[in-house]
Engineer: 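Got a structure for you, written out below as structure tokens; questions coming shortly.
Count residues from 1 along the sequence.
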Amino acid sequence: MMKVMDRNMSKVLFIADIHGNMPAVQALEKEIEKIQPDKIYFLGDAVGKGPENDQAVDWVRSHCDCCIKGNWDDGIVGSYRGTGYPGNDFYIKQLGKERIEWLEKLPFEDEVLISGLWFRLVHGRPTDRLYQAYDDWAELMQGFVSKVSDKTFNAYICADSHMPYIRTCGYGYAINTGSVGNSLGFPRVHAVLVEGELGSTELSSLRCEVVSIPYCNQAAADAADKYEDFPEKECWKKEVLTGEYSR
């Protein structure tokens with residue numbers, strides 16, 4: 001029998017868009033125990049929309065190896081600083097000064113080398129456009145170029161659309177994590193798992209797959225009732241129960 005060489009394959013889990021949904025996070029935790037990833041990258045939007053944002057931020061800080069900022073994270077920071085949307089009082093009060101300042105310091109993008117391919121990591125908005133599964137090549141191609149350094153990448157992993165996908169496009173792969181806590185269309189926990197040689201410049205095989213996890217959607221809806229001043233409560237319940245957005 002031919003011996004298979006161990007090429008030091010690593011499992012890298014990419015997650016995003018928790019949006020204060022802790023029942024979804026609890027389901028994700030159980031899956032993480034099964035997957036046993038070597039690294040977890042968080043691609044933005046721990047907060048906003050959902051009811052348990054302080055817990056979501058604390059979980060990201062304690063479980064993720066790399067974190068970037070999303071549009072909701074940035075928007076709540078802006079509201080806190082008096083330069084953004086004024087309707088985020090609930091989130092500002094719940095998060096508190098220290099958590100908001102942690103969000104403020106997060107970068108808008110990062111990168112990682114896996115199996116000889118450079119992956120650009122970005123949430124989407126506010127630095128980029130909203131990359132959708134149904135976009136044409138011309139729209140998706142914009143994501144391969146960094147808005148910070150003008151570097152061109154072999155692939156990019158984004159979030160923001162709350163719909164997971166893996167597409168080949170021009171330079172390489174256009175990938176979306178989907179959403180942990182506020183999925184559009186199919187209300188499950190979604191993430192992306194990439195398995196390859198982390199940090200290696202040598203071109204080699206890699207595996208990329210969408211992770212889809214059921215969770216207690218009713219618990220996520222019921223969590224909104226714990227907070228009298230939680231805004232747009234009925235919209236949140238509809239979204240986590242049906243995957244149909246109402247705002």
Engineer: Just how far is it from atom NE2 of H123 to atom CG of L130, taken to the nearest 0.5 Å?
Structural biologist: 8.5 Å
Engineer: So, does E31 use its side chain to make a donor-acceptor pair with the main chain of I213 at under 3.5 Å?
Structural biologist: no
Engineer: With a 4.5 Å limit on heavy-atom distance, are the side chains of L103 and I76 in contact?
Structural biologist: no
Engineer: Walk me through it: do I40 and F14 pass the test side-chain contact (heavy atoms from CB on, under 4.5 Å)?
Structural biologist: CA-CA 6 Å; I40 301 176; F14 297 91; over 6 Å; no
Engineer: Assess the side chains of Y245 and N182: does a donor N or O sit below 3.5 Å from an acceptor N or O?
Structural biologist: yes
Engineer: Kindly say whether G75 contributes a backbone atom to a donor-acceptor pair with the side chain of S79 at under 3.5 angstrom?
Structural biologist: yes
Engineer: How close do F119 and L117 get, heavy atom to heavy atom, and via which atoms?
Structural biologist: CD1-O, 3.4 Å
Engineer: When clusters are formed by joining ILVMFWY residues with side-chain heavy atoms under 4.5 Å apart, either directly or through shared neighbours, do Y91 and V180 land in the same one?
Structural biologist: yes
Engineer: First locate atom CG of D73, then atom CG of N71, and finally report the distance between them rounded to the nearest 0.5 Å.
Structural biologist: 7.5 Å
Engineer: Can you tell whether the side chains of K105 and E101 come within less than 4.0 Å, N to carboxylate O?
Structural biologist: no
Engineer: Looking only at atom types and distance, does a side-chain atom of R188 sit under 3.5 Å from a main-chain N or O of S212, one as donor and one as acceptor?
Structural biologist: yes
Engineer: Heavy atoms, side chains only, cut-off 4.5 Å: are D54 and R99 in contact?
Structural biologist: yes
Engineer: Going by atom types alone, do S179 and D17 pair a side-chain donor with an acceptor below 3.5 Å?
Structural biologist: no
Engineer: Would you confirm whether Q94, through its side chain, and P51, through its main-chain N or O, come within 3.5 Å as a donor-acceptor pair?
Structural biologist: yes
Engineer: Measure from NZ or CZ of K49 to the centre of the six-membered ring of W236 and say whether it is under 6.0 Å with the direction within 45° of the ring axis.
Structural biologist: no
Engineer: Assess the side chains of S115 and E197: does a donor N or O sit below 3.5 Å from an acceptor N or O?
Structural biologist: no
Engineer: Say whether, by atom type as modelled, one donor and one acceptor occur between the side chain of R167 and the main chain of D135 under 3.5 angstrom.
Structural biologist: yes
Engineer: Does the distance from a Lys or Arg side-chain N to an Asp or Glu carboxylate O, for D38 and K11, drop under 4.0 Å?
Structural biologist: no
Engineer: To the nearest 0.5 Å, tell me how far W72 CH2 sits from Y85 OH.
Structural biologist: 8.0 Å
Engineer: Crowded around K39 NZ? As in, over 12 foreign heavy atoms under 6.0 Å?
Structural biologist: no
Engineer: Enter the distance from D65:CG to Y41:OH here, rounded to the nearest 0.5 Å.
Structural biologist: 7.0 Å
Engineer: Working note: E109 + K147, criterion salt bridge (Lys or Arg N to Asp or Glu O under 4.0 Å); need CA distance, chi angles, decisive distance, verdict.
Structural biologist: CA-CA 9 Å; E109 64 175 87; K147 303 302 184 289; over 6 Å; no
Engineer: Taking everything shown except Y173 itself, do over 12 heavy atoms lie less than 6.0 Å from its OH?
Structural biologist: no
Engineer: Are Y131 and Y156 an aromatic pair, judged by ring center distance below 6.0 Å?
Structural biologist: yes
Engineer: For I32 versus P37, what's the shortest heavy-atom pair and its separation?
Structural biologist: O-CD, 3.5 Å
Engineer: Indicate the atoms forming the closest heavy-atom contact of M141 with G170, along with that distance.
Structural biologist: SD-CA, 3.6 Å
Engineer: Does the salt bridge (Lys or Arg N to Asp or Glu O under 4.0 Å) test come out yes or no for D225 and K237, once each step is laid out?
Structural biologist: CA-CA 10 Å; D225 293 326; K237 291 183 177 183; 2.9 Å; yes
Engineer: Counting C-beta onward and ignoring hydrogens, is there a side-chain heavy-atom pair between P23 and E52 closer than 4.5 Å?
Structural biologist: yes
Engineer: If you look at every heavy atom in I175 and C208, which pair is closest and at what distance?
Structural biologist: CD1-SG, 3.8 Å
Engineer: Report the C-alpha distance between E244 and E239 in whole Å, list the side-chain angles of each, state the deciding distance to 0.1 Å, and finish with yes or no for side-chain contact (heavy atoms from CB on, under 4.5 Å).
Structural biologist: CA-CA 5 Å; E244 179 182 349; E239 289 177 8; over 6 Å; no
Engineer: Hey, is CD on Q36 packed in by over 12 heavy atoms from elsewhere, all under 6.0 Å?
Structural biologist: yes
Engineer: Should the heavy atoms of other residues, nucleotides or ligands under 6.0 Å from CZ of R61 be counted, would the total exceed 12?
Structural biologist: yes
Engineer: Please name the pair of heavy atoms, one in P214 and one in A27, separated by the smallest distance, quoted to 0.1 Å.
Structural biologist: O-CB, 3.7 Å
Engineer: Is there a side-chain contact between I18 and W59 (heavy atoms, below 4.5 Å)?
Structural biologist: yes
Engineer: Are L106 and I100 connected into the same hydrophobic cluster when the rule is that any two of I, L, V, M, F, W, Y join if their side-chain heavy atoms are below 4.5 Å apart?
Structural biologist: yes
Engineer: Applying the 4.5 Å side-chain criterion to the ILVMFWY set and letting contacts propagate, would V60 and L13 be lumped into a single cluster?
Structural biologist: yes
Engineer: Between N21 and Y215, is there a side-chain donor-acceptor contact under 3.5 Å, judged purely by atom types and distance?
Structural biologist: yes
Engineer: Do I15 and I157 sit in the same hydrophobic cluster, where Ile, Leu, Val, Met, Phe, Trp and Tyr count as joined when their side-chain heavy atoms come under 4.5 Å apart?
Structural biologist: no
Engineer: List the steps and the verdict of side-chain contact (heavy atoms from CB on, under 4.5 Å) for S246 and K238.
Structural biologist: CA-CA 7 Å; S246 52; K238 180 180 179 182; 4.0 Å; yes
Engineer: Do K151 and R120 touch side chain to side chain, with heavy atoms closer than 4.5 Å?
Structural biologist: no
Engineer: Side chains of L241 and Q218: closer than 4.5 Å at any heavy-atom pair?
Structural biologist: yes
Engineer: Given side-chain contact (heavy atoms from CB on, under 4.5 Å), test H63 with E29 step by step and report yes or no.
Structural biologist: CA-CA 9 Å; H63 288 78; E29 274 192 324; 3.3 Å; yes
Engineer: Any salt bridge linking K69 with D45? Criterion: basic side-chain nitrogen under 4.0 Å from a carboxylate oxygen.
Structural biologist: no
Engineer: Are F108 and D128 side-chain neighbours, meaning at least one heavy-atom pair lies under 4.5 Å?
Structural biologist: no
Engineer: Is the shortest side-chain heavy-atom distance between Y80 and K97 below 4.5 Å?
Structural biologist: yes
Engineer: Might you point out which heavy atoms bring N176 and S161 nearest each other, and give the distance in Å?
Structural biologist: ND2-OG, 3.1 Å
Engineer: Measure the CG-OG distance between L113 and S200 for me, rounded to the nearest 0.5 Å.
Structural biologist: 6.5 Å
Engineer: Is I114 reachable from I68 through a run of hydrophobic residues whose side-chain heavy atoms are each under 4.5 Å from the next?
Structural biologist: yes
Engineer: For F153 and F144, I'd like to know if the aromatic rings sit close, meaning centre-to-centre distance below 6.0 Å.
Structural biologist: no
Engineer: Output the distance between atom OG1 (T201) and atom CH2 (W118), rounded to the nearest 0.5 Å.
Structural biologist: 9.5 Å
Engineer: Testing H19, H190, H162 one by one against S183 for a side-chain hydrogen bond (donor to acceptor under 3.5 Å, both in side chains), which residue passes?
Structural biologist: H190
